[in-house]
Amino acid sequence: MGERISIAKAARLLGIDRHELCERLCRAGIEGFEGAVELDAVKSISPKLNMLDPKVSERMSLIRQTARRRQAAAPPRKNELELQDDLDKMHNKWLMERKKAQDYSVLFDRLVDELGHWQASEDAARAKFAIEFSHWICKQFED
């Protein structure tokens, strides 16, 4: 048996009300016990819980990129002005990428919220599709 989480806490993590989460769990055939449910089961219908903390993700990415850049021969040294220009260019590029990442994050959150509404839909075909699509999204984050 995996880690359990209260349904109320899982709903707060997802930003939805407890009743909606219970409906999603019920439609997916996931049973709770004494007000708690397996965390992996919640993750399987809720891609939002699989998302990593952006600060940790960014730091891990930076560590990986830095580790790959080690070279046997040292590159020629740049003067202070050239280094400042390089730093300014990198900072501007980082700001643009950060904005793009924020836009994608907002879009993904909207997609997940809409999927949640579809999972609670009275239309059985729509609810089934939403659950299957949520499973597919969750598999994309597994590594």
Side-chain angles (χ1 to χ4, degrees), residues 1-75 78 80-143:
M1 183 158 64
E3 182 181 349
R4 298 185 72 75
I5 185 172
S6 75
I7 292 174
K9 184 174 182 180
R12 279 194 309 271
L13 288 172
L14 291 170
I16 60 175
D17 64 40
R18 191 174 168 276
H19 178 71
E20 185 177 344
L21 178 58
C22 288
E23 285 181 9
R24 288 189 203 177
L25 293 171
C26 185
R27 288 189 187 274
I30 299 169
E31 296 180 10
F33 181 71
E34 294 182 352
V37 67
E38 299 242 354
L39 183 57
D40 288 338
V42 175
K43 286 180 180 180
S44 74
I45 65 163
S46 306
K48 205 181 246 187
L49 282 182
N50 279 342
M51 295 187 67
L52 299 175
D53 178 24
K55 292 178 184 175
V56 174
S57 172
E58 186 177 331
R59 184 169 183 216
M60 290 298 290
S61 176
L62 181 62
I63 290 170
R64 287 186 185 129
Q65 289 173 359
T66 309
R68 288 187 206 132
R69 290 187 187 159
R70 293 183 184 148
Q71 299 174 353
K78 295 183 178 185
E80 185 177 344
L81 188 58
E82 291 171 320
L83 290 172
Q84 186 62 49
D85 287 343
D86 288 348
L87 183 60
D88 290 342
K89 287 176 191 175
M90 286 188 264
H91 180 71
N92 289 335
K93 186 176 178 181
W94 174 78
L95 288 173
M96 289 187 306
E97 292 297 327
R98 181 177 164 207
K99 171 69 171 122
K100 191 185 304 182
Q102 289 170 338
D103 291 345
Y104 280 124
S105 178
V106 168
L107 178 63
F108 188 77
D109 284 347
R110 288 177 54 199
L111 170 69
V112 169
D113 290 341
E114 189 63 28
L115 269 176
H117 294 297
W118 285 21
Q119 288 175 358
S121 172
E122 295 297 323
D123 180 355
R126 180 179 255 191
K128 182 180 178 187
F129 168 79
I131 290 168
E132 291 175 1
F133 190 58
S134 291
H135 287 292
W136 179 83
I137 290 173
C138 289
K139 286 181 184 177
Q140 305 311 303
F141 287 101
E142 292 177 2
D143 280 330

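Below, each value reflects all heavy atoms present in this structure, side chains not excepted, and no hydrogens, waters or symmetry copies.
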State plainly whether the residues Lys99 and Asp103 are in salt-bridge range, i.e. N to O under 4.0 Å.
yes

As an exercise, state the distance from CZ of Phe129 to CG of Asp123, rounded to the nearest 0.5 Å.
12.0 Å

Between Gln140 and Trp136, is there a donor-acceptor pair closer than 3.5 Å when you use the side chain of the first and the backbone of the second?
yes

Leu87 and His91: CA distance, side-chain angles, deciding distance, side-chain contact (heavy atoms from CB on, under 4.5 Å) verdict
CA-CA 6 Å; Leu87 183 60; His91 180 71; 5.5 Å; no

Does Glu82, at its CD atom, have more than 12 non-hydrogen atoms belonging to other residues, nucleotides or ligands within less than 6.0 Å?
yes

Any chance you could lay out the side-chain contact (heavy atoms from CB on, under 4.5 Å) test for Glu114 and Trp118, step after step, and finish with the verdict?
CA-CA 6 Å; Glu114 189 63 28; Trp118 285 21; 2.9 Å; yes

Spacing of CZ belonging to Arg27 relative to CD1 belonging to Ile131, to within rounding of 0.5 Å
7.5 Å

Mind checking the NZ-CG spacing from Lys100 to Leu95? Nearest 0.5 Å is all I need.
13.0 Å

How long is the gap from CG on Leu21 to CG on Leu25, to the nearest 0.5 Å?
4.5 Å

Can you tell me how far apart CG (Leu111) and OH (Tyr104) are? Round to the nearest 0.5 Å.
13.5 Å

With a 3.5 Å distance limit and no angle check, can you tell me whether Arg24 reaches the backbone of Gln119 through a side-chain donor-acceptor pair?
no

Output the distance between atom CG (Asp17) and atom SG (Cys22), rounded to the nearest 0.5 Å.
9.0 Å

What is the minimum heavy-atom distance between Ala127 and Ser121, and which atoms define it?
CB-O, 4.0 Å

So, does Ser105 use its side chain to make a donor-acceptor pair with the main chain of Ala101 at under 3.5 Å?
no

If you count every heavy atom of other residues, nucleotides or ligands that lies below 6.0 Å from Arg18 atom CZ, does the total exceed 12?
no

side-chain contact (heavy atoms from CB on, under 4.5 Å) evaluation trace for Val112 with Ile137
CA-CA 10 Å; Val112 169; Ile137 290 173; 5.6 Å; no

